[in-house]
**Student:** 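Structure in structure tokens, see below.
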Amino acid sequence: MHQNPEPGSDSIAYRAIPSVHKLLESPVLVEWSSRLPHEWVANAARKVLDGHRLRLADDPKVAAQTTMDELSRDVAKTLQIQTARKLRAVINATGIILHTGLGRAPLAKSATEALVEAAGNYASVEIDLKTGQRGQRVEVVEDLVCQLTGAEAAAVVNNNAAAMLIVFAVVVGHHRPRKVVVSRGELIEIGGSYRLPQVMESSSAVLDEVGTTNRTHLLDYEQAITYDTAALLSVHTSNYRVQGFCKSVSIQELVELGKRHAVPVIHDIGSGLISSELCSVLAEEPSAQESIQAGADLVLFSGDKLLGGPQSGIIVGRRHWINQIRHHPLMRAVRVDKLTLAALEATLRLHHDPVRASNELPVLTMVQMSVERLQERARCIVDRLGSIDGLADVAIRSSMAYLGGGSLPAEAIESVSVCLRSREISEAELARRLRVGSAENDSMRQFPIICHVQNGAVWLDLRTVFPDQDEMLVATVVAVV
Ligand SMILES: *Cc1c(COP(=O)(O)O)cnc(C)c1O
């Protein structure tokens, strides 16, 4: 039970609690004070002393034995946690390739280099190097996108959600017509904060739902079209599948309908596949090329999904609409910075050579790595871990990897995992140590490992681990068990 000592209690322990001032005089905290603002260190000291006071009330005997040294070490530890870098590179052993929680697509080497160069230098963001005149910051990137997709024009914004917002703002505007027709089967949520109906609500568009959850026919769209219809919208149901008795309308049919009624068609393909020829595993994903070819007026996708680039939203389509998007006041709020431009340009250049793209874009190399190669890597890892005392069991198992990030939700990709069981600690504790083990001592040479726990074991799926991280993975496991 929690017993508050009487006010004015004369206990020795109470009188022995040092003042903040006194605590800060300990050598280790003098050291910290030389590196951090005084108030920061003092706040940490106050926090530790408050905690000590509470413990003292709970159990005077134990707490009273706490030494000044221990208190100052607690303060130092608090400061260490507070000042440790929070955004760290991690090893993704989850088997989910486009893991939104882990920052989606890792960039290709050439994109990383371009980004770093732009970051530490001035860059030709708004200057045309040939003429020395003012140029548009995104023109180069937009040209590359047009060449790749066959579109008339392109615009680049912060992410696909921003692309959706500005497209609605331009196509719907503030006047009539305001209705955007969309199938009830396509009212998607992509993770908690992106829900299509709410995104539409925050623009001046009015959602006009047609059809049912499982079946929507061309006639449903056609009957909904009135003088107040601003656009027809098709959304790729990227992170789920409706299976069984279902029907949806193809983009070709929708475009044909739109043409007949002079209503523009917007296609949110989400995943950002440029061409379905890029990789056979991805053939079922909608591609920007196909959608443009089918005649969609505006096609939207993310830059950090299958494109394998930095977070961005790419809009391609009719010049007439893209020009309005470029000049819309919202553009300033959703435009990309030089780092994104540099990384995106390098990524798009890779896509111009499909062989290079499939060899150099991590997303594609991961998707395409053979099961045999994964098994070979697993055997090497198991050889190294097999003799470790703390591990009760080290095994190679087949597992299921997923594209993630809202692509091919139903299609598992055959994969290989190394499964670990510890002698002493639970699988959840082992997973926790793999995450924080190296983070706590903040050594930048070892990345935290993110993995799944299943059937009493920790599963390290190798499909999402870069081959050159296998060494580090072994070292981290050895260090924490
Ligand atoms: C991922 C996705 C979005 C959201 O894209 P962000 O780039 O995360 O803003 C929107 N629509 C679809 C269909 C998606 O797959």
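Starting from 1, each residue takes its place in the sequence as its number. Computed from a prediction, not measured in an experiment: that's the story for all the values here. Hydrogens, waters and symmetry mates are skipped; everything else that's a heavy atom, side chains included, is used. Each ligand, and each atom within it, is numbered from 1 in the order the structure gives.
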**Student:** So if I count the atoms of ligand 1 from 1 in the order they appear, which ones are less than 4.0 Å from some heavy atom of Tyr194?
**Tutor:**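 Reading through ligand 1 atom by atom, the close ones are 10 (C).
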
**Student:** Tell me whether Gln311 reaches ligand 1 (any heavy atom closer than 4.0 angstrom to a ligand atom).
**Tutor:**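 The answer is no: ligand 1 sits nowhere under 4.0 Å from a heavy atom of Gln311.
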
**Student:** Heavy-atom pairs closer than 4.0 Å: do any link ligand 1 to the side chain of Glu189, the backbone, both, or neither?
**Tutor:**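 No part of Glu189 is near ligand 1 at this cut-off.
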
**Student:** Report yes if Ile188 has an N/O atom closer than 3.5 Å to an N/O atom of ligand 1; otherwise report no.
**Tutor:**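 No.
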
**Student:** So Asp228 and Val206, do their side chains get closer than 4.5 Å, heavy atoms only?
**Tutor:**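 In short, these two side chains do not touch, never coming nearer than 4.5 Å.
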
**Student:** Taking only heavy atoms of Lys305 into account, list the atoms of ligand 1 that are under 4.0 Å away from them.
**Tutor:**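 Reading through ligand 1 atom by atom, the close ones are 1 (C), 2 (C), 3 (C), 14 (C), 15 (O).
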
**Student:** Is Ser271 in polar range of ligand 1, meaning some N or O pair under 3.5 Å apart?
**Tutor:**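 No - when backbone and side-chain N and O of Ser271 are compared with those of ligand 1, no distance drops under 3.5 Å.
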
**Student:** For the atom pair CG (Leu364) and CE (Met369), what is the distance rounded to the nearest 0.5 Å?
**Tutor:**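 Result: 12.5 Å between the selected atoms.
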
**Student:** For Glu256 and Lys259: C-alpha separation, side-chain torsions, deciding distance, then whether salt bridge (Lys or Arg N to Asp or Glu O under 4.0 Å) applies.
**Tutor:** CA-CA 5 Å; Glu256 197 269 323; Lys259 282 217 177 91; over 6 Å; no

**Student:** Check each heavy atom of Ile190 against ligand 1 and say whether those closer than 4.0 Å belong to the side chain, the backbone, both or neither.
**Tutor:**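 Within the 4.0 Å criterion, Ile190 contacts ligand 1 through side-chain atoms alone.
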
**Student:** Would you check if Gln469 and Leu473 make a side-chain contact, meaning some heavy-atom pair closer than 4.5 Å?
**Tutor:**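 Counting from C-beta outward, Gln469 and Leu473 never come under 4.5 Å.
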
**Student:** Could you check if a side-chain atom of Val336 sits within less than 4.5 angstrom of a side-chain atom of Val141, using non-hydrogen atoms only?
**Tutor:**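 No, their side chains stay 4.5 Å or more apart.
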
**Student:** Looking only at non-hydrogen atoms, which of Thr100, Asp268, Val199 approaches atom 12 (C) of ligand 1 most closely?
**Tutor:**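 The option holding the nearest heavy atom is Asp268.
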
**Student:** Please work out which of Asn160, Val235, Leu306, Asp304 has its closest non-hydrogen atom nearest to atom 3 (C) of ligand 1.
**Tutor:**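 That would be Asn160.
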
**Student:** For ligand 1, which atoms, with element, lie under 4.0 Å from some heavy atom of His236?
**Tutor:**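 So the answer, numbered in order with elements, is 13 (C).
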
**Student:** Just how far is it from atom CG of Leu144 to atom OG1 of Thr149, taken to the nearest 0.5 Å?
**Tutor:**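 One finds 10.5 Å between CG of Leu144 and OG1 of Thr149.
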
**Student:** One residue to check: Leu300. Relative to ligand 1, which of side chain, backbone, both or neither has a non-hydrogen atom less than 4.0 Å away?
**Tutor:**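 None of Leu300 does.
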
**Student:** Around Glu429, counting heavy atoms of other residues, nucleotides and ligands shown, do more than 12 lie under 6.0 Å from its CD?
**Tutor:**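 Atom CD in Glu429 is packed in, count exceeds 12.
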
**Student:** How far apart are the C-alpha atoms of Arg463 and Glu414, what are their side-chain angles, what is the distance that settles it, and do they pass the salt bridge (Lys or Arg N to Asp or Glu O under 4.0 Å) test?
**Tutor:** CA-CA 9 Å; Arg463 190 170 285 286; Glu414 201 183 344; over 6 Å; no

